[in-house]
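Working notes for the structure below.
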Amino acid sequence: MQILDGQLVSKATKEELKLKVAQLVSEGKKIPHLAAVLVGSNGASETYVGAKVKACEEIGFKSTLIRMEEETSENKLLAVINDLNLDPDIDGILVQLPLPKHISDEKVINTILPAKDVDGFHPANVGKMVQGLDTFIPATPYGIMLMLEHYKIETKGKHAVVIGRSNIVGRPMSILLSQSGPYGNCTVTITHSHTPNLAEICRSADIIVAALGIPEFVKADMVKEGAIIIDVGITRVADASKKSGFALKGDVDFKAVSPKCSFITPVPGGVGPMTIAALMKNTFKACSYKH
Ligand code: GUN
């Protein structure tokens, strides 16, 4: 069993970007600038946005964090996005999800200019991704693809089972793994809460991508010997022995599953850091459209 080390690959990806930024600076060109919008004070969202801003600093990107109150109106948020759309110094915009219930994700995502949509959530960018055209790929599935590439994991002809059909992870992941080209060419089964015989389907998988958000859902008896396991889940579970009061749990029972598989991502330190690295690559790309 080999650990797929997201920290290591993310670090290497960020180092590459750092060199590219230094090159831009030496050429007197514009450096990438990411704007992150955080509505409310969800603890996990705070952590994720903080990590995104920190990564910008490490690489040498500019970043702007806009905090808005939980009670902010939808119109106020849309107005902020419109201002960012019009600001020529801003290359990438991300609005951290989930949003408070009174705000429509759909309206927010549709308001972000596709050329600045570094999350790759706008329908114009999703459409391009589905057609295999050059665009922003949502950061979590993009990060997973970068990790498969780094470890040169053969995917051609393999049966990939994706658990979860969210627009952020499961759905785009299933499309990328089925696409032609390196690290694609899988036969993909996308499963969800209405899938009967999930355990049986998982047992036939060469690759499992678990993105359903239920801690330790994937058990050893659901995994074939030698399978490749990608764990996207990261749930805070109460744990009095931790200073923070919680432990982070993936969607895979790591202790029981890891001895059976060929490769596995840990939680934390697997997919999470790769999501950040992929977002940074998208932000660089958004800026290079301007060069
Ligand atoms: N919430 C969970 N994952 C993501 C992500 O990739 N982007 C944004 N904007 N919000 C998220």
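Counting convention: from 1, in listed order, for ligands and their atoms alike. The basis for the numbers below is simple: all heavy atoms, side chains too, and nothing from hydrogens, waters or symmetry mates. Given the structure is predicted, the values throughout are model-derived calculations rather than measurements.
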Ser104: what forms a side chain to side chain contact (heavy atoms under 4.5 Å, CB included) with it, not counting sequence neighbours? Glu74, Glu106, Lys107
Residue and atom name of the nearest protein heavy atom (relative to atom 11 (C) of ligand 1), distance in Å to one decimal: Gln96 NE2, 3.4 Å
Look at Asp91 together with Lys62 and state whether they make a salt bridge at an N to O cut-off of under 4.0 Å. no
Between Leu279 and ligand 1, which residue portion shows a heavy-atom distance shorter than 4.0 Å: side chain, backbone, both, or neither? neither
Give the atom numbers and elements of ligand 1 that come within less than 4.0 Å of a heavy atom of Val95. 8 (C), 9 (N)
Can an N or O of Ile168 be found at a distance shorter than 3.5 Å from an N or O of ligand 1? no
Any carboxylate oxygen within less than 4.0 angstrom of a Lys/Arg side-chain nitrogen, looking at Glu71 and Lys76? no
Could you say whether the N/O atoms of Thr140 and ligand 1 ever approach to under 3.5 Å? no
Does Phe121 have a non-hydrogen atom less than 4.0 Å from ligand 1? yes
Hey, does the Lys NZ or Arg CZ of Lys20 hover above the aromatic six-ring of Phe284, less than 6.0 Å from the centre and inside 45° of the axis? yes
How far is atom 10 (N) of ligand 1 from its nearest protein heavy atom, and which residue and atom name does that atom have? Leu97 N, 3.0 Å
Per-residue contact class, Asp119 against ligand 1 - non-hydrogen pairs under 4.0 Å: side chain
I'd like to know if the side chain of Asn85 reaches the main chain of Ile112, judged simply by a donor and an acceptor atom lying under 3.5 Å from each other, with no hydrogens or angles considered. no
Under 3.5 Å donor-acceptor, Asn42 side chain and Ser45 backbone: yes
Set of ring-ring contact (aromatic ring centres under 6.0 Å, His included) partners for Phe136, sequence neighbours left out: Tyr289
Would you say ligand 1 has an N or O under 3.5 Å from any N or O of Leu94? no
